[in-house]
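Just below is one structure, and these are the notes that go with it.
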Number of protein chains: 2
Amino acid sequence: MPKVETFDRGLVIAQVTDVFHDKGFNATSMQDIVDATGLNRSSIYNSFENKHNLFLECLKTYKSKCNTQLSEKLSKASNPLESIELIFDIYILEMTKDEQDKGCLIVNCASEMANHDVSITNFLQKNQNDMLTLLEGLVSKAQQDHLINSKRTGKEYALYLYSNMQGFRMTGILISNKLELESIKNTIIQTLI
Amino acid sequence: MPKVETFDRGLVIAQVTDVFHDKGFNATSMQDIVDATGLNRSSIYNSFENKHNLFLECLKTYKSKCNTQLSEKLSKASNPLESIELIFDIYILEMTKDEQDKGCLIVNCASEMANHDVSITNFLQKNQNDMLTLLEGLVSKAQQDHLINSKRTGKEYALYLYSNMQGFRMTGILISNKLELESIKNTIIQTLI
DNA sequence: TTTTATTTGGAATGAACGTTTCAAAATTAA
DNA sequence: TTAATTTTGAAACGTTCATTCCAAATAAAA
């Protein structure tokens, strides 16, 4: 019976994500979103409820796309230490692609909205847990293979790497020099070996 | 001849900084600032020109207060490696003081506004240079005293530490567990010794 | 083809935004 | 005490904000 959505939901989310990624949540207006998508206001509200929900959906899609891209690349690594290195290589590639980086949507969101909005904070907590679990798995496996030292537990190194990933993404906003970024990466890895 | 400002400019800046620190630039309204200071709109505009200028002044005051606090504490360190450790200890103290941390005003500002506003970007660049210079000085001195290894140059370790400081401040927004934060700090330092 | 459910276009909503205006109040130098 | 100069208070400015409304357009089901 009903008329059906004519637009490509995935494309729209991608377009909106670009805007949010560039300007952040608060500086992005509904008008910006209308302009970026070419959709009518009504269609946006009809399909995404409101700005907040739309942002949350962008966040979730961004996360799952990052995870997909990550596991694709990591599958090509020959060992878990190389996997960890690859994570930073992916970031370096992204940061040096454009002259100035927008940082990580999720890190930026944490800086802007953590502890202010319940649903956002929940998302960030869950994202953090997922990342820590992934990292701990990699570190533990690498420690079993004696690729990473055992001065600290897998949990501790996971936390260290997680903190470094956030710092790395922040640093990349102002520094886009490949050599400097690679130096940071190598120093981070140096701790593990 | 003139009537003179009756309010304490330093206090007002401190009050406004609290609001900006908590909510960020875009989510803070002039009404929030009026409420926080008890001043009249006119007085604010008369004394600080506009919201943007006011924010910039908060940012600069925040930076210089941090630097003052930093050099006070660092002067008590018995050697440059201890100084570096103290930097992270100060952050840990701040992060665990309140249940949930607001992060670093400057890191948050970088995430929200870098590469969007010229005067802000200039401030951030200058702040980054100052921090890197300070860190390089500490590392180089510590290397001369054989407190820090020479696997990498002072510049490289400074960059590593700078990136880690940003990550540390971001991590502290969601994690306020002292043991976890100390573990991260110790792992960061482990690289140097 | 008609019915039914839904998406659209475009205008309108009221609230909140940063900023301005201007007369009144205040203070110091003359 | 007067004159000069600035800060205040309170209201108003025009603009933009997120969101809503409703009629028109649309498309699948009957």
Side-chain angles (χ1 to χ4, degrees), chain A residues 1-59 105 108-109 112-113 116-120 123, chain B residues 1-59 105 108-109 112-113 116-120 123:
Chain A
M1 316 163 179
K3 180 180 176 184
V4 88
E5 271 181 11
T6 56
F7 59 84
D8 177 346
R9 196 177 174 96
L11 174 65
V12 167
I13 287 293
Q15 292 168 326
V16 176
T17 302
D18 269 350
V19 185
F20 277 134
H21 198 170
D22 182 44
K23 308 180 75 168
F25 178 77
N26 286 301
T28 298
S29 70
M30 268 318 215
Q31 189 58 54
D32 292 332
I33 291 168
V34 167
D35 294 343
T37 59
L39 288 183
N40 189 276
R41 291 178 128 67
S42 305
S43 307
I44 297 170
Y45 277 92
N46 190 55
S47 300
F48 302 101
E49 193 154 19
N50 55 37
K51 185 186 171 187
H52 186 272
N53 259 26
L54 180 51
F55 181 67
L56 214 56
E57 185 162 335
C58 288
L59 220 45
L105 177 65
N108 292 348
C109 168
E112 189 177 13
M113 307 172 85
H116 288 279
D117 181 302
V118 185
S119 52
I120 295 282
F123 170 86
Chain B
M1 319 155 177
K3 178 178 178 186
V4 87
E5 272 182 7
T6 55
F7 60 83
D8 177 346
R9 196 178 174 95
L11 175 65
V12 167
I13 287 292
Q15 291 168 326
V16 176
T17 302
D18 268 349
V19 185
F20 277 134
H21 197 169
D22 182 44
K23 308 180 75 167
F25 178 77
N26 286 300
T28 299
S29 71
M30 268 317 213
Q31 188 58 53
D32 292 332
I33 291 168
V34 167
D35 295 342
T37 58
L39 288 183
N40 190 274
R41 291 178 126 69
S42 304
S43 307
I44 297 169
Y45 277 92
N46 188 55
S47 300
F48 302 101
E49 192 150 23
N50 54 36
K51 185 185 171 189
H52 187 273
N53 259 27
L54 181 51
F55 181 68
L56 215 54
E57 185 162 334
C58 288
L59 221 44
L105 176 66
N108 292 349
C109 168
E112 189 176 12
M113 306 172 86
H116 288 278
D117 181 300
V118 185
S119 52
I120 295 282
F123 170 85

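Per chain, numbering begins at 1; letters A, B, ... match sequence-line order.
Nearest heavy atom pair, residue A:Val34 against residue A:Leu39, reads CG1-O, 3.4 Å.
Atoms CZ and CD, from B:Phe55 and B:Glu112 in turn, are 6.5 Å apart once rounded to the nearest 0.5 Å. Separating the CZ atom in A:Phe25 from the SG atom in A:Cys109 is a distance of 9.0 Å, to the nearest 0.5 Å. The line from CZ of A:Phe20 to CG of A:Leu59 is 9.5 Å long, rounded to the nearest 0.5 Å. We find the CG-CD1 distance between B:Asn50 and B:Ile44 to be 12.0 Å, quoted to the nearest 0.5 Å. With values rounded to the nearest 0.5 angstrom, B:Ile33 atom CD1 is found 12.0 Å from B:Asp18 atom CG.
The CE atom of A:Met30 sits 16 Å away from the C1' atom of C:dA12 (whole-angstrom rounding). Across the protein-nucleic acid pair, B:Asn26 atom CG and C:dA16 atom P stand 18 Å apart, rounded to whole Å. In this structure, CG of B:Asp35 is placed 13 Å from C1' of C:dA16, rounded to the nearest angstrom.
Distance alone, capped at 3.5 Å, is enough to place a donor-acceptor pair between the B:Lys51 side chain and the B:Thr28 backbone. A donor-acceptor pair under 3.5 Å links the side-chain atoms of A:His116 to the main chain of B:Asp22, judged by distance alone.
Within residues 39-58 of chain A, the residues approaching DNA chain D are A:Arg41, A:Ser42, A:Tyr45, A:Asn50, A:Lys51, by heavy-atom distance under 4.0 Å. For the segment residues 12-19 of chain A, no residue has any heavy atom less than 4.0 angstrom from an atom of DNA chain D.
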